[in-house]
Amino acid sequence: MELEAARRAVLAAVRGTCAADLPRLLHWMRNTNDFDELVVTNNDVVLKNIAEDLRNRLPIEAMFNSEHQAIQKIHQHPLPMIHVDAFLYDDDFVDSLCEEGKMSRSYCTECGSYKTASLEFISHSFSLMELKFLYQHVLPDLTGKVVVDVGSRLGAVLFAGYLYSSASQLYGVEMNADFCQLQEMMITKYQFIDRMKVVHADICTQASLLQKADVVVMNNVFEYFLDRQEQARAWEFIACNVRKRGSLLVTVPSLKESLSKLQTDIQLSQWVEERELNYDVYMEKDVDREALEQIHLYKIL
């Protein structure tokens, strides 16, 4: 049944409801979770299972002690900040952790007082909603295409790409050996090995991989892991090697924002063209539109 026919059928059912029961019906339609199972796919369930497996293997902040630079930058932030991995913990999960006293959304500005302020949360991973938006609404059909995730971390972009796209190969490039090991464990457990590979390396050693990529994904990839000079060097390398005409580059945040505080010779207008995205594809009230708007798509010129 097409949308317009379905809409007419629903309205006919509502109009056919007796007047005494109509308010309760409308209240149920506005508040029920009964429709959730209609939009949850088997792939969603698999991705959630992977997230649960990873949660069981990580500390609650989802960071390793080997991430020296990232931990230091978070501690140096002018306002209190904690890392909450969006792939592992959605808002409902965070709420449950707060209720259990395992996490807090606020901090005391004057110890012992009732004066509190909201903690700033940062994530180095896409949430499930953002991953579905990426593969179902941002990127085109990826049949036969090569996807490279720069700084693949937990592997969320790779796992979602395996489940939600027909990409022929999904490569994750990750500098941290601990995260590479975690990704390899999930790839083996869920039998993703035929289309997925993790490369333990600095992206600046992977020129040939970047040159053959049809899609390159970069989610908040350098800011918390490299100093500014290293960031500039990495971006110069990316701009030099992601040159396949018509290939796509996905970034969070925008290239303009990422490069604004760095000294580089990158001329964006000669390298990429930003493509407009429709951020209104999800109508649910709890959709984090602000998070979706951080996702930017570019076509390589």
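Basis for what follows: all heavy atoms, side chains included, without hydrogens, waters or symmetry-related copies. Heads up: numbering here begins at 1 and tracks the sequence.
By the neighbour-count criterion of 12 heavy atoms within 6.0 Å, atom CG of N278 is densely surrounded, having more than that number from other residues, nucleotides or ligands.
For the side-chain hydrogen bond (donor to acceptor under 3.5 Å, both in side chains) test, no residue two or more places apart in sequence or in another chain qualifies with E174. Residues passing the ring-ring contact (aromatic ring centres under 6.0 Å, His included) test with Y171: none are found, sequence neighbours excluded. Applying the ring-ring contact (aromatic ring centres under 6.0 Å, His included) rule to W271 yields no partners; only residues at least two apart in sequence or on another chain are considered. Partners of H137 under the ring-ring contact (aromatic ring centres under 6.0 Å, His included) rule, at least two apart in sequence or in another chain, are Y282. Applying the side-chain contact (heavy atoms from CB on, under 4.5 Å) criterion to K299, with sequence neighbours excluded, gives L248, R275.
In this structure, D149 and F126 have side chains that are not in contact, with every pair of non-hydrogen atoms separated by 4.5 Å or more. A heavy-atom distance below 4.5 Å is not found between the side chains of M129 and K132. In this structure the side chain of V147 reaches within 4.5 angstrom of the side chain of Y135, judged on heavy atoms. Residues V148 and Q206 form no side-chain contact, since every pair of their non-hydrogen atoms from C-beta on lies 4.5 Å or further apart. By the 4.5 Å heavy-atom criterion applied to side chains, Y89 and I60 are counted as neighbours. Here the side chains of F159 and V46 are not in contact, with every heavy-atom distance at 4.5 Å or above. Under the 4.5 Å side-chain criterion, counting only non-hydrogen atoms from C-beta, L249 is in contact with V216. The side-chain heavy atoms of F87 and L54, taken from C-beta on, include a pair separated by under 4.5 Å.
The salt bridge (Lys or Arg N to Asp or Glu O under 4.0 Å) pairs that include a residue from residues 157-171 number zero, where partners must be two or more places apart or lie in different chains. Legend: salt bridge (Lys or Arg N to Asp or Glu O under 4.0 Å) pairs involving residues 238-254, not counting sequence neighbours, sorted by first then second residue: D214-K244. Applying the side chain to side chain donor-acceptor pair (under 3.5 Å) test to every pair with at least one member in residues 178-195, sequence neighbours left out, gives these pairs: D53-K189, D53-Y190, S66-D178, S152-Q183, Y162-D194.
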Donor-acceptor contacts, no H, no angles, side chain residues 138-146, under 3.5 Å, sequence neighbours left out:
| unit_1 | atom_1 | unit_2 | atom_2 | d |
| --- | --- | --- | --- | --- |
| D141 | OD1 | T143 | N | 3.1 |
| D141 | OD1 | T143 | OG1 | 2.8 |
| D141 | OD2 | T143 | OG1 | 3.3 |

Donor-acceptor pairs are to be reported for all side-chain atoms of residues 1-8 against protein atoms at under 3.5 Å, with residues two or more places apart or in another chain.
| unit_1 | atom_1 | unit_2 | atom_2 | d |
| --- | --- | --- | --- | --- |
| E4 | OE1 | R7 | NH1 | 3.3 |

Quick one: side chains of residues 289-298, donor-acceptor pairs under 3.5 Å with protein atoms, not counting sequence neighbours, listed by atom name and distance.
| unit_1 | atom_1 | unit_2 | atom_2 | d |
| --- | --- | --- | --- | --- |
| R289 | NE | E293 | OE2 | 2.5 |
| R289 | NH1 | D280 | OD1 | 2.0 |
| R289 | NH2 | E293 | OE2 | 3.2 |
| H296 | ND1 | E274 | OE2 | 2.6 |
| H296 | NE2 | E293 | O | 3.4 |
| Y298 | OH | L255 | N | 2.9 |

Please report, to 0.1 Å, the donor-acceptor pairs under 3.5 Å made by any side chain of residues 232-242, with sequence neighbours excluded.
| unit_1 | atom_1 | unit_2 | atom_2 | d |
| --- | --- | --- | --- | --- |
| E236 | OE2 | D265 | N | 2.8 |
| N241 | OD1 | Q211 | NE2 | 2.6 |
| N241 | ND2 | F237 | O | 3.0 |

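Distance check, rounded to the nearest 0.5 Å: CG of L182 to CG of L58 gives 5.0 Å.
When hydrophobic clusters are built by joining Ile, Leu, Val, Met, Phe, Trp and Tyr residues whose side-chain heavy atoms come closer than 4.5 Å, directly or via intermediates, I187 is grouped together with L88.
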Intermediate values then yes/no, side-chain contact (heavy atoms from CB on, under 4.5 Å), L210 and V173: CA-CA 10 Å; L210 290 173; V173 181; over 6 Å; no

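The only option from V252, I203, V157, V150 that meets the side chain to side chain contact (heavy atoms under 4.5 Å, CB included) definition with M218 turns out to be V150. Among L128, V281, V287, the one residue that satisfies the side chain to side chain contact (heavy atoms under 4.5 Å, CB included) test with F133 is V281.
Judged purely by atom type and a 3.5 angstrom limit, H200 has no side-chain atom pairing as donor or acceptor with the backbone of N176.
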